[in-house]
Amino acid sequence: METIDKLDAKSPIVEAYRSVRTSIEYSNLDDKLKVILVTSTQQNEGKSTVASNLAISFSKLPNKKILLIDGDLRNPSIHRVFSIGNSDGMMSILKGEKDLKSTINTFNDNLDILTTGVIPPNPDEILVTDKMKKFIQQIKEKYDYIFIDSPPIGIVSDASLLSQLSDGVIFVVSSGEVETDFAKLAKDKLMNVEAKILGAVLNKYESHNDDYGYYYSEYYGARKKRKLFGLSKFKRKTKKHLKVEKA
Ligand SMILES: Nc1ncnc2c1ncn2[C@@H]1O[C@H](COP(=O)(O)OP(=O)(O)OP(=O)(O)O)[C@@H](O)[C@H]1O
Ligand SMILES: [Mg+2]
């Protein structure tokens with residue numbers, strides 16, 4: 001998969017991520033939003049893609065240290081996105097085999113990446129351990145933003161557990177792919193554990209405004225998020241977003 005660092009800064013895709021970034025920064029005026037979980041209803045909606053590109057986009061901000069964690073202990077893929085090894089990772093730290101410094105990968109001056117390491121047989125049990133909680137607390141002191149990729153919340157409970165360790169959640173919705181009812185149930189799961197949904201990213205949305213039909217991600221800010229699931233007075237680009245409602 002190509003990440004956005006390979007694209008021109010003026011590319012619409014880079015611009016789309018920048019606008020998501022701005023929305024997140026805007027909802028973080030009090031600096032309390034540090035750990036951001038990225039999840040979606042089902043597989044293949046683009047969680048890992050969005051988490052990776054958001055982390056890259058944030059790393060372009062001056063003087064902000066970003067960490068991207070692969071929290072998908074079922075189907076890790078961040079190491080593949082960045083073509084790095086995965087023999088050590090978060091699991092090595094939780095098991096006490098390695099420290100953070102010797103485990104992280106440096107992507108650029110501002111972005112560090114932590115892969116899963118060797119996947120355990122009991123992912124959901126690990127996510128609720130005190131060690132995991134302490135680990136997140138520790139890294140919070142070192143980074144300005146921590147993005148956590150995760151498994152689909154509509155399929156397994158891991159993302160619900162990870163949301164308890166996070167300050168906010170980005171909900172990826174794959175345009176035309178996910179059933180609306182299924183997405184609503186997934187959103188309810190997050191609401192039930194009182195996760196703070198920061199917004200939804202509409203991914204794989206085919207733009208009709210260009211000649212090439214490229215895909216991009218679009219962000220719905222916190223105030224707009226309700227409308228994604230219960231459109232009533234959604235004015236801006238109503239038709240396009242309705243497509244998601246009906247999907
Ligand atoms: N905006 C996009 N446009 C085109 N292809 C995309 C887009 N976003 C993701 N993809 C592709 O869709 C596939 C799934 O993406 P990704 O691995 O990010 O999804 P995921 O939700 O993390 O999947 P999983 O549930 O398996 O972890 C990949 O092949 C990726 O390259
Ligand atoms: Mg993934």
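Counting starts at 1 for both ligands and their atoms, in listed order. The residues of the chain are indexed from 1 along the displayed sequence.
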Which atoms of ligand 1 are found less than 4.0 Å from any heavy atom of [X]?
| X | value |
| --- | --- |
| Glu45 | 19 (O), 21 (O) |
| Asn203 | 1 (N), 2 (C), 7 (C), 8 (N), 9 (C) |
| Asp72 | 27 (O) |

Worksheet item: Once you round to the nearest 0.5 Å, how far does CG of Asp149 lie from CG of Leu37?
Response: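 Going from the CG atom of Asp149 to the CG atom of Leu37 covers 8.5 Å.
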
Under a 3.5 Å threshold, yes or no: a donor from one side chain and an acceptor from the other, between [X] and [Y]?
| X | Y | answer |
| --- | --- | --- |
| Asp72 | Thr116 | no |
| Thr39 | Ser150 | yes |
| Asp70 | Thr115 | no |
| Ser48 | Ser77 | yes |
| Ser40 | Lys47 | yes |

Practice prompt. Tell me which part of Thr49 gets within contact of ligand 1: side chain, backbone, both or neither, using heavy atoms under 4.0 Å.
Written response: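 Both the backbone and the side chain of Thr49 come within reach of ligand 1.
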
Fill in: Part of Val50 with heavy atoms under 4.0 Å of ligand 1, whether side chain, backbone, both or neither
neither

Worksheet entry | Working for salt bridge (charged side-chain N to carboxylate O under 4.0 Å, His left out), residues Lys65 and Asp144 | CA-CA 5 Å; Lys65 287 294 275 180; Asp144 296 293; over 6 Å; no

If you measure every N/O of [X] against every N/O of ligand 1, is any gap under 3.5 Å?
| X | result |
| --- | --- |
| Gln43 | no |
| Ser40 | no |
| Pro152 | no |

Discussion item. If the threshold is 4.0 Å, N to carboxylate O, is there a salt bridge linking Asp167 and Lys34?
Written reply: no

Worksheet item: When you look at Glu15 and Lys10, which way does the salt bridge (charged side-chain N to carboxylate O under 4.0 Å, His left out) test go after all the steps?
Response: CA-CA 7 Å; Glu15 178 52 45; Lys10 290 199 187 92; over 6 Å; no

Worksheet item: What residues, two or more places apart in sequence or in another chain, satisfy ring pair (Phe, Tyr, Trp, His ring centres under 6.0 Å) together with Tyr143?
Response: none

Worksheet entry | Cut-off under 2.8 Å, centre the Mg ion (ligand 2), protein N/O/S atoms |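 Those protein N, O or S atoms (cut-off: under 2.8 Å from the Mg ion (ligand 2)) are Ser48 OG.
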
